Protein chains: 2
Amino acid sequence: MLAKSTEYAIRAMVYVQLQNWKVKRPGVVEIAHEIEAPEAYTAKILQTLARHQLLLSMKGRGGGFFYENNNSSATLFDIIHVMEGDGIFHKCGFGLKNCNSENPCPLHNRYLIVRNEFFNISKTETIASLSNNILEGKATLNRITAAY
Amino acid sequence: MLAKSTEYAIRAMVYVQLQNWKVKRPGVVEIAHEIEAPEAYTAKILQTLARHQLLLSMKGRGGGFFYENNNSSATLFDIIHVMEGDGIFHKCGFGLKNCNSENPCPLHNRYLIVRNEFFNISKTETIASLSNNILEGKATLNRITAAY
DNA sequence: TTATTAAATGATATTAAGGTCTTTTTATAA
DNA sequence: TTATAAAAAGACCTTAATATCATTTAATAA
């Protein structure tokens, strides 16, 4: 469904949120390790996110990644949009170029339900809301249920 | 969502079905052209489908692709399974390796709804049912609403 | 029984996603 | 004011998906 780089991006942002709530600003090495992603690649992704101001960064000693007011209200949609565009919310399930309600592919109506449901989720879930599930012990970021 | 090759596969099988209902057995060149896919690549995909017996083929003069009794009850699931495996029905939306109801990612429950809905569609829609939408004029295979 | 038609096979090429490495810039503590 | 820590930037590498091409196999009409 999502590109691997988008998954890394979301996981990274959630981890930064959890640390930020503890008034910490994790760096690339720590983040990559915690979300089980390659270090250099994670750095690239964090740069992209920072460039688009989905998170803030500080260079030098004591630097790292964080959010304004230690809180991120970025939606999944925002992150997906920056990482891979919004094709996923528009593409026809059959791969047709001009598929729409006027000229639908054989799968159009049923696929629309799936796509819209995912769109809904993407627009309502934020880094803060997702991170809160972890804070409350209802979910985890990795196989080891770490204490954040 | 689906790999491009899977989309080509589904479109190809639908086109074969439409022709088969007219007791015709289209060949690679015709199929590729009609579904707007590259010829040689379409040939590869048809071979894969034939090898897995999702369709039948005949070599030589008057040869082409067709179904037993000119009808295909293959589901979308069958085709997806052969073309790209069933990762799409199992993968975690967050990209976690061990995400399940016991150890859920923050998105688990909401993503499950999307995945299950798509699974449902894949298990209930068949090449025949999809093709029938076109036969009845309710849908199309390409931008030009061709008469099949 | 041969020419022709069409699919199968296998090798190769191209493109995009995923990933690494080195150098540069910026911040801060000593 | 210098050494050090950390992110930014850019060049490069690897892998998988997509796509092409040449050759072989099989079927049938003449």
Side-chain angles (χ1 to χ4, degrees), chain A residues 1-13 15-16 19-20 24-67 80 82-85 87-88 91 95, chain B residues 1-13 15-16 19-20 24-67 80 82-85 87-88 91 95:
Chain A
M1 188 96 200
L2 294 176
K4 220 169 186 180
S5 48
T6 308
E7 293 174 354
Y8 290 158
I10 298 168
R11 300 220 298 273
M13 286 188 67
Y15 180 72
V16 170
Q19 293 307 303
N20 240 223
K24 287 180 183 172
R25 296 181 170 183
V28 170
V29 176
E30 177 184 341
I31 296 170
H33 179 255
E34 288 294 328
I35 69 171
E36 305 183 80
E39 222 174 90
Y41 197 46
T42 302
K44 269 277 129 79
I45 288 164
L46 287 167
Q47 275 168 43
T48 301
L49 295 170
R51 208 177 322 115
H52 287 89
Q53 313 188 319
L54 288 180
L55 50 63
L56 304 175
S57 68
M58 278 284 283
K59 285 184 180 181
R61 256 178 210 234
F65 295 88
F66 61 100
Y67 302 114
I80 294 168
V82 156
M83 294 303 297
E84 56 180 281
I88 196 174
K91 256 203 85 215
Chain B
M1 189 99 201
L2 295 175
K4 220 167 183 180
S5 49
T6 308
E7 293 174 353
Y8 290 159
I10 298 168
R11 299 220 299 272
M13 287 188 66
Y15 181 74
V16 170
Q19 293 307 304
N20 241 224
K24 286 182 185 173
R25 298 181 169 184
V28 170
V29 176
E30 177 184 342
I31 296 170
H33 178 254
E34 288 294 327
I35 68 172
E36 304 183 82
E39 223 173 89
Y41 196 48
T42 301
K44 271 275 131 77
I45 288 164
L46 288 167
Q47 276 166 43
T48 300
L49 295 170
R51 208 178 321 117
H52 287 89
Q53 312 187 321
L54 289 180
L55 48 64
L56 305 173
S57 67
M58 278 285 283
K59 285 185 181 180
R61 253 176 216 241
F65 296 90
F66 60 99
Y67 303 113
I80 293 169
V82 156
M83 295 302 298
E84 56 181 283
I88 195 175
K91 255 204 85 211

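Quick note: numbers below take in every heavy atom, side chains included, and nothing from hydrogens, waters or symmetry partners. In what follows, chains carry the letters A, B, and so on, assigned in the order in which the sequence lines appear, proteins first and then strands, with residues in each chain numbered from 1. Note that this is a predicted model, so its numbers are computed, not measured.
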| message | Show, in sequence, the C-alpha distance, side-chain angles and deciding distance for B/Glu7 and A/Lys91, and conclude whether the salt bridge (Lys or Arg N to Asp or Glu O under 4.0 Å) test is met. | response | CA-CA 12 Å; B/Glu7 293 174 353; A/Lys91 256 203 85 215; 2.5 Å; yes
| field | Non-hydrogen atoms of B/Phe66 and B/Ser57 that approach each other most closely | value | CE2-C, 3.9 Å
| field | Nearest-angstrom distance from the residue atom CD1 of B/Ile45 to P of D/dT20 | value | 11 Å
| query | Quick one: CG on A/Leu54 to CG on A/Leu46, what's the gap to the nearest 0.5 Å? | reply | 11.0 Å
| note | So, with a heavy-atom separation below 4.0 Å from DNA chain C, the residues of residues 55-62 of chain B are B/Ser57, B/Met58, B/Lys59, B/Gly60, B/Arg61
| task | Give the minimum heavy-atom separation between A/Thr6 and A/Met83, together with the two atoms involved. | result | OG1-CB, 3.5 Å
| field | Nucleotide D/dA16, atom C1' - distance to OH of B/Tyr41 in whole Å | value | 10 Å
| When you match B/Ala43 and A/Ala40 each to their closest nucleotide on DNA chain C, which lands nearer the 5' end? | B/Ala43
| To the nearest Å, how far apart are A/Lys4 NZ and D/dT14 P? | 17 Å
| query | Rounded to the nearest Å, what distance is computed from the CE atom of residue B/Met83 to the C1' atom of nucleotide D/dA19? | reply | 13 Å
| Start and end of the DNA chain C segment that chain B contacts, any atom under 4.0 Å from a heavy atom | C/dT4 to C/dA11
| query | Can B/Phe65 and B/Asn20 be said to form a side chain to side chain contact (heavy atoms under 4.5 Å, CB included), step by step? | reply | CA-CA 9 Å; B/Phe65 296 90; B/Asn20 241 224; over 6 Å; no
| Can you find a side chain N or O atom of B/Tyr8 that sits less than 4.0 Å from OP1 or OP2 on D/dA19? | yes
| message | Test side chain to side chain contact (heavy atoms under 4.5 Å, CB included) on A/Thr48 and A/Lys44; report intermediate values, then the result. | response | CA-CA 6 Å; A/Thr48 301; A/Lys44 269 277 129 79; 5.6 Å; no
| request: Give the rounded distance in Å between these two atoms: CD1 of B/Ile88 and P of D/dA17. | output: 13 Å
| Integer-rounded Å distance: D/dA6 P and A/Gln47 CD | 16 Å
| Could you state the CG-P distance from B/Leu46 to D/dT20, rounded to the nearest angstrom? | 15 Å
| query | What heavy-atom pair brings B/Glu36 and B/Arg11 nearest, and what distance separates the two atoms? | reply | O-NH2, 3.9 Å
| message | When you measure from the side chain of A/Tyr67 to the backbone of A/Met13, do you find a donor-acceptor pair of N or O atoms at a distance under 3.5 Å? | response | yes
| field | Whole angstrom value for the distance that separates C1' of D/dA16 from CD of B/Glu84 | value | 13 Å
| For the side chain of B/Gln19 and the backbone of B/Pro26, is there at least one donor-acceptor N/O pair under 3.5 Å apart? | no
